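Throughout, a chain's letter reflects where its sequence line sits, starting with A, and its residues are numbered from 1. No experiment lies behind these values; they were computed from the predicted model shown.
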Protein chains: 2
Amino acid sequence: MDDQVTIKDIAKQLNLSLSTVSRALRNAPDVNPETRHAVLELAEALSYTPSRLALSLKQRQTRTIGVIVPNLDNVLSTMIRGIDEAALESGYTVMVCQSNESYGRELANTKRLLESLVDGILVSVSSETKIFDHLQEILKRKLPMVQFDRSSSELKAPIVRVDNVSGGFQATEHLIQQGYRRIAILAGPKNLGIGKKRMKGYFEAHKVAKRKVDNDLIMYCDFSQESGYWATLDLLGMKKRPDAIFAISDRIAIGAMLAIREKGLQMPHDIGLLGFNNEPTVQLVTPAVSSVEMPSFELGKLACKLLIEKMQRHGVIPDDHEEILKTRLFVRPSSLRDSSTTLAPQRS
Amino acid sequence: MDDQVTIKDIAKQLNLSLSTVSRALRNAPDVNPETRHAVLELAEALSYTPSRLALSLKQRQTRTIGVIVPNLDNVLSTMIRGIDEAALESGYTVMVCQSNESYGRELANTKRLLESLVDGILVSVSSETKIFDHLQEILKRKLPMVQFDRSSSELKAPIVRVDNVSGGFQATEHLIQQGYRRIAILAGPKNLGIGKKRMKGYFEAHKVAKRKVDNDLIMYCDFSQESGYWATLDLLGMKKRPDAIFAISDRIAIGAMLAIREKGLQMPHDIGLLGFNNEPTVQLVTPAVSSVEMPSFELGKLACKLLIEKMQRHGVIPDDHEEILKTRLFVRPSSLRDSSTTLAPQRS
DNA sequence: TTGTAAGCGTTATCAT
DNA sequence: ATGATAACGCTTACAA
């Protein structure tokens, strides 16, 4: 196909041995300055590029990190930016595989990464994934792995995530403080850890405020806007409808907003609304929607750094290591009923 | 690091030669069924994974496609999904490098991909990139390359993009039909081809309608929401202010919307607004903003298919090949002043 | 300071 | 039907 320039070509033209050229190229100490100069010059002239393939095969490491994500939404894109940055800083290349929320694709991707001999893997588990065999296989091969954002306790690998319990607590506490009394939660898919944790915070906040939770106000749904919409219509159709809704993602919250609008209810007066992720969109709708922000960029960066540490200093990071980042609540008009409360600082 | 299971291990345990094992594994015709069976069984038991590295080195092809993108925004994420799908269908792996709109990063990424011996490259040029040396280098090495979405005529490589002139035309024509007379354009960065083309459509629509363009209504800006905001404030501060704004991206349009709101003007009555990309956000703001949609998923998929074709059948696709997809206008309340016009079909 | 040769995991060519 | 050997591009003892 393409005639790659190799060390051989340089050696031949300069009447040197392969080893000498190799050494010159890598600035080894024991090589004649003139020789080195000649080699470097010719390499430049031929626009020689070392073959990472050969190098990797030889050294049995690729300096590549595989990333498995369920999609490329706003939050994950930001995390990947963080991952990218950390990887670049340490001279690693990142290979992103996106499973489109499908178990089958995640399986295929994992296989690919395993074959490609990546040096380590960052994974955020697809919401659809219930079987972890393929990821267990990674561990079985002793390939360093770190979970980020969405994680599973079935996998014995370090986790970097936000404190979802605390995030759910912040959200619910705020709603309670605003005088809302029947706070519903749109909790996402029933089996998803992230949802369970945010819901735990929701319960804790109620407990601290000495309030009971009405179990009818707990609604499971998909992660889609559609699903948030339908779940909310259900909620609003109840005889004793909720006076506030905490959605565990902004996407779901937007769906809820559409349903609320359709029913002609006013936010924040008739009903309060609060989401999670603080995506740009929630600032633009009317009224702007309150949301819990997670430090996505930092989270990605940290996860990657942790993985690199794990890769380079084998065994230093225990498998049950958890790195937990704080969330931050952004209060906006959708949940601000009590005018005596001041708005939290907003992003520009 | 990790003790990979190789063909050698299998050969040793079965007292076979490497070649036989290799053949058995690949279902070669001339191998004893019993032998094959034994090999396959042991391979399974040891969870043997072929080394793509060794294979690639041998065959001088990686079955990997490198993708260079300026960022991972909504549009590009969707395109990448399309790319992914096409690649998967043909058994290729995709390696996405995101330059974060920075020339330096794009340079580093290109170098990496070149070293990694990808079989082909899909590139969407960063808006900041003015020097194309690194991409020229790709061509110089005869590495198959296809440009998608944002492209440069300086690069002699096929292009897959939408018809931006026609998109700009659709947008402007619609605004004219709605009775707007002073239509401003937020044209993005001055040197960007995509902006120039959409603006060309803007001029053509005026010409067809036999209207003059007031050059004061042409505003250049960044691709950011911020920039759209400030540019719009400028526009609205003019003595003869525009009565409609066509923004060449939704991000910019949202910025414009914020400025319009701030000035207390009503859409679509006082001023019309229309964006480009049809991102989910524009449907959610009030009023919902009209936008020109480009078929991002299909575009990515097509670009990838074209690249694969170019890789597999060398020389069949000429370097000046252009694949041009149609845009589609979604009319929403932000630009719907004339109530006799019906709304175009919306997405669910 | 430079050269020789073995090896990374695989396949292809030629023998047997 | 199976085996031996060279090769892909590079590094690295060891030797000169």
Reckon B/S19 touches a base, only the sugar-phosphate, or nothing at all at heavy-atom distances under 4.0 Å?
-> base
Indicate, with a heavy-atom threshold strictly under 4.0 Å, whether A/D9 touches base, sugar-phosphate, or nothing.
->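 No contact at all - A/D9 keeps every heavy atom at 4.0 Å or more from the nucleic acid.
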Against the side chain of A/T20, the closest entry in D/dT2, C/dG3, D/dT12 is C/dG3
Is it the case that B/S22 and B/R26 place a side-chain donor and acceptor less than 3.5 Å from each other?
-> yes
Do we see a donor-acceptor contact under 3.5 Å between the side chains of B/D119 and B/T62?
-> yes
Calculate the interatomic distance between [X] atom [atom1] and [N] atom [atom2]; express it in whole Å.
| X | N | atom1 | atom2 | value |
| --- | --- | --- | --- | --- |
| A/L114 | C/dG9 | CG | P | 15 Å |
| B/E115 | D/dG9 | CD | P | 16 Å |
| A/L18 | D/dA13 | CG | P | 17 Å |
| B/R60 | C/dA12 | CZ | P | 14 Å |
| B/I7 | D/dT5 | CD1 | P | 18 Å |
| A/L14 | C/dT1 | CG | P | 17 Å |
| A/R23 | C/dT2 | CZ | P | 8 Å |
| B/K8 | C/dT10 | NZ | P | 10 Å |

Is A/R141 salt-bridged to A/E137, cutoff N-O under 4.0 Å?
-> yes
Would you call A/K305-A/E323 a salt bridge at under 4.0 Å N-O?
->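 So A/K305 does not pair with A/E323 through a salt bridge.
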Name every residue in residues 41-58 of chain A that has at least one heavy atom under 4.0 Å from any atom of DNA chain C, in order of residue number, or write none if there are no such residues.
->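 The answer is A/L57, A/K58.
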Which ones in residues 25-40 of chain B lie close to DNA chain C, meaning a heavy atom under 4.0 Å from one of its atoms?
->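 Within residues 25-40 of chain B, the residues near DNA chain C are B/R26.
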Please check: side-chain N/O of [X] versus main-chain N/O of [Y], any donor-acceptor pairing under 3.5 Å?
| X | Y | answer |
| --- | --- | --- |
| B/Q147 | B/S152 | yes |
| A/T64 | A/V94 | no |
| B/T78 | B/S296 | no |
| B/S99 | B/R105 | no |

According to a strict under-4.0 Å criterion, is B/S22 in side-chain N/O contact with OP1 or OP2 of C/dT11?
->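 Result: yes.
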Any side-chain N or O of A/S17 less than 4.0 Å from the OP1 or OP2 oxygen of C/dG3?
->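 Checking C/dG3 against A/S17, a side-chain N or O does come within under 4.0 Å of OP1 or OP2.
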To the nearest 0.5 Å, what is the distance between OG (B/S90) and CD (B/Q312)?
->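 The distance works out to 6.5 Å.
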